[in-house]
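As structure tokens, the structure follows; a few thoughts come after it.
Below, each value reflects all heavy atoms present in this structure, side chains not excepted, and no hydrogens, waters or symmetry copies.
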Amino acid sequence: MSEFSANDCEHMAHALRLAERGRYTAHPNPMVGCVLVCNGEVVGEGWHKAAGEAHAEINALHAAGDKASGATAYVTLEPCSHHGKTPPCAEALIEAGVAEVVIGLEDPNSEVDGDGLTALTGAGIQIRIGLMQGEIEKLLSGFISRVTRSRPFVRLKVASSLDGCIAMSSGESQWITGAEARSDVQRLRARSGAIMTGIGTVLADDPSFTVRDASLDVGERQPMRVVLDNDLRMPLSAEMLVLPGKTIVYCISDKKQQALRDTGVEVVMVGQNDGQVDPAEVLGDLARREVNDVLVEAGPTLAGNLMSNGFVDELVIYQSPHIMGSETMGMFDTPSWTELADRKTLDIIDVRRVGSDTRITARIGT
């Protein structure tokens, strides 16, 4: 186990903050930050801003110039060693003459598989690994999920009343939560590679599922819109079909496919699970499309299906301080849950006020 000083922790925390600057733009690449330190002085820093652009280490080396020679590099993720859209970062660190590299997390990507470490140590560079690993794993949960489980990290968002209702029995639901909570959801959308919903939500609300908050600086990148639609009931007049960005409809029926395709929508047939679009196939296909994080904004049917099949990794509930009563719809439709043993245990990781509402973030227990 490597030993780390207070200064090491300070510099890696700086690198982690740099990495977070790519939260809305680095997708599908991992967010990475790098700090170069020589004789106790930060001589260069950088982060990965967008796919196809320079990696964090390259930006830090450019900032440092000749001062990189003999420096210690603090990098949140193992430097890459393969040629992709950009040259290998391990090679650049070696050529710059850095003396040591402190790495937060070994890259789980099989394309790297320790090759970056091998290249660095082979060049005589000292390596220390594991500083702030837990925090970095949280930041990169989507990327790690995609490259190790072959499916994205699934985050389910729910807006409910204090008594757990998401709509009146008529379907009326706008708005349960306040403006601050709805604005906060924009951040969840911006960090996601795709937003998933069911056809019931499309028919009821005609949502756009776009990032509308210009301050989040997503540029032209909008999350992919994903609709699970068993029998292709998607209206050709749906709002999302005329908006910028990609829409994919997953179905188990082949009727009406061409009409939808003529609108620019991609229609993908998948297998079924209990008469529904198989979410496992959908998530696998999204991983192949390099989607790291999926935000689910859906009604109780799809939410219950994903929860019952173990596909929800994180639950974000915006709970409004009011009671909606009995003539309502609940968060999850789970008819197969008939005993206490069927319940899902939650690990509450964050609770905070967002305007007049409460945001509860939880990981799903095993």
Point to revise | L140 side chain reached by L77 side chain, heavy atoms, under 4.5 Å | key: yes
Point to revise | Cluster overlap M269 with L260, hydrophobic side-chain contacts below 4.5 Å | key: no
Check residues 314-322 and write down every donor-acceptor pair under 3.5 Å in which the side-chain atom is one partner and the other belongs to a residue at least two apart or another chain.
residue	atom	partner	partner atom	Å
E314	OE1	R363	NE	2.7
E314	OE1	R363	NH2	3.1
E314	OE2	R155	NE	2.7
Y318	OH	D184	OD2	2.6
S320	OG	I176	O	3.1
S320	OG	H322	ND1	3.2
S320	OG	D357	OD1	3.1

Review point. So, does E180 use its side chain to make a donor-acceptor pair with the main chain of V354 at under 3.5 Å?
Key: no
Practice item. Please confirm whether the backbone N or O of E281 pairs with a side-chain atom of D285, one donor and one acceptor, at under 3.5 Å? Key: no
Review point. Between the main-chain N or O of D66 and the side-chain N or O of S69, is there a donor-acceptor pair closer than 3.5 Å?
Key: no
Check your understanding: Can a salt bridge be assigned to the pair E3 and R128 using a cut-off of 4.0 Å between side-chain N and carboxylate O?
Key -> no
Check your understanding: More than 12 foreign heavy atoms under 6.0 Å from NZ of K344: is that the case here?
Key -> yes
Practice item. Give, for atom CD1 of I103 and atom SG of C34, the distance between the pair rounded to the nearest 0.5 Å. Key: 10.5 Å
Point to revise | Sub-4.5 Å side-chain heavy-atom contact between L243 and S208 | key: yes
Review point. Can any side-chain N or O of D278 pair as donor or acceptor with the backbone N or O of A280 at less than 3.5 Å?
Key: yes
Check your understanding: So, does D313 use its side chain to make a donor-acceptor pair with the main chain of F153 at under 3.5 Å?
Key -> no
**Study point:** Shortest non-hydrogen contact from P79 toward E57
**Key:** CA-OE2, 3.3 Å
Point to revise | D342, CG atom: more than 12 neighbouring heavy atoms under 6.0 Å | key: yes
Point to revise | Atom pair CG/CD1 of L93 and I125 - distance to nearest 0.5 Å | key: 6.5 Å
Review point. Is any side-chain heavy atom of V211 less than 4.5 Å from a side-chain heavy atom of Q222?
Key: yes
Review point. Just by modelled atom types, is the V267 backbone N or O under 3.5 Å from a matching donor or acceptor in the R261 side chain?
Key: yes
**Study point:** Side-chain touch L156/F332, heavy atoms, less than 4.5 angstrom
**Key:** yes
Review point. So, for L131 and M12, which heavy atoms are closest and what is the spacing to 0.1 Å?
Key: CD2-CB, 3.4 Å
**Study point:** R225 (side chain) donor-acceptor with M240 (main chain) under 3.5 angstrom
**Key:** yes
Point to revise | From CA spacing to verdict: salt bridge (charged side-chain N to carboxylate O under 4.0 Å, His left out), E266, R289 | key: CA-CA 13 Å; E266 182 174 354; R289 297 170 186 264; 2.7 Å; yes
Review point. Closest heavy-atom contact between M224 and V291?
Key: CE-CG2, 4.2 Å
Check your understanding: Does the side chain of M196 come within less than 4.5 Å of L283's, by heavy atoms?
Key -> yes
Review point. Between Q133 and E137, is any side-chain donor less than 3.5 angstrom from a side-chain acceptor?
Key: yes
Check your understanding: Do V102 and V75 have side chains that get closer than 4.5 Å, going by heavy atoms?
Key -> no
Review point. Is there side-chain contact between I360 and L346, with at least one heavy-atom pair below 4.5 Å?
Key: no
Check your understanding: Shortest non-hydrogen contact from G275 to N230?
Key -> O-ND2, 3.8 Å
Exercise for review: Using atom types as modelled and distance alone, determine if a side-chain donor or acceptor of T148 lies under 3.5 Å from a backbone N or O of I144.
Suggested key: yes
Check your understanding: How about N39: does its CG atom have over 12 heavy atoms from other parts shown lying under 6.0 Å from it?
Key -> no
Check your understanding: Applying the 4.5 Å side-chain criterion to the ILVMFWY set and letting contacts propagate, would L203 and L236 be lumped into a single cluster?
Key -> yes
Review point. Could you go step by step and tell me if R352 and D350 meet the side chain to side chain contact (heavy atoms under 4.5 Å, CB included) rule?
Key: CA-CA 7 Å; R352 65 183 64 195; D350 185 75; 2.9 Å; yes
Review point. Got a donor-acceptor contact below 3.5 angstrom from the E100 side chain to the I127 backbone?
Key: no
Exercise for review: Starting from the C-alpha separation in whole Å, work towards a yes-or-no answer on side chain to side chain contact (heavy atoms under 4.5 Å, CB included) for I166 and T328.
Suggested key: CA-CA 7 Å; I166 66 168; T328 53; over 6 Å; no
Check your understanding: What's the spacing between C89 SG and L120 CG if we round to 0.5 Å?
Key -> 10.0 Å
Exercise for review: Taking atom types as modelled, find out whether S5 and D8 have a side-chain donor-acceptor pair closer than 3.5 angstrom.
Suggested key: yes
Practice item. Would you verify whether the NZ or CZ of R182 falls within 45 degrees of the ring axis of W175 while also being under 6.0 Å from that six-membered ring's centre? Key: yes
Review point. So which heavy atom on A99 is nearest to which on G70, and how close?
Key: CB-O, 3.7 Å
Point to revise | Point-to-point distance, once rounded to the nearest 0.5 Å, from CD1 of I94 to OG1 of T121 | key: 8.5 Å
Practice item. Hey, could you give me the CD/CG distance between E135 and L16, rounded to the nearest 0.5 Å? Key: 7.0 Å
Exercise for review: Quick one: which residue pairs count as a ring pair (Phe, Tyr, Trp, His ring centres under 6.0 Å) with a foot in residues 30-50, not counting sequence neighbours?
Suggested key: H48-H55
Review point. Is a side-chain donor-acceptor pair under 3.5 Å present for T25 with R21?
Key: no
Check your understanding: Do NZ/NE/NH1/NH2 and the carboxylate oxygens of R146 and D293 come within less than 4.0 Å?
Key -> no
**Study point:** I58 with V35, same ILVMFWY side-chain cluster at under 4.5 Å
**Key:** no
Exercise for review: Kindly indicate, with the supporting measurements, whether the criterion side chain to side chain contact (heavy atoms under 4.5 Å, CB included) is fulfilled by Y24 and R187.
Suggested key: CA-CA 8 Å; Y24 304 133; R187 296 181 177 87; 3.7 Å; yes
Practice item. Hey, could you give me the SG/CG distance between C251 and L232, rounded to the nearest 0.5 Å? Key: 4.0 Å
Review point. Is there side-chain contact between V185 and K157, with heavy atoms separated by less than 4.5 Å?
Key: yes
Practice item. Looking only at non-hydrogen atoms, find the nearest pair between G198 and L302 and report the distance. Key: N-CD2, 3.6 Å
Point to revise | Single-linkage hydrophobic cluster, 4.5 Å side-chain cutoff, M331 and M324 together | key: no
Review point. So, does D107 use its side chain to make a donor-acceptor pair with the main chain of N109 at under 3.5 Å?
Key: yes
Check your understanding: Please walk me through it: do R189 and F209 pass side chain to side chain contact (heavy atoms under 4.5 Å, CB included)?
Key -> CA-CA 8 Å; R189 289 182 179 181; F209 290 145; 3.5 Å; yes
Practice item. Is it possible for you to say whether M132 and L117 belong to one hydrophobic cluster, with membership spreading through side-chain heavy-atom contacts below 4.5 Å? Key: yes
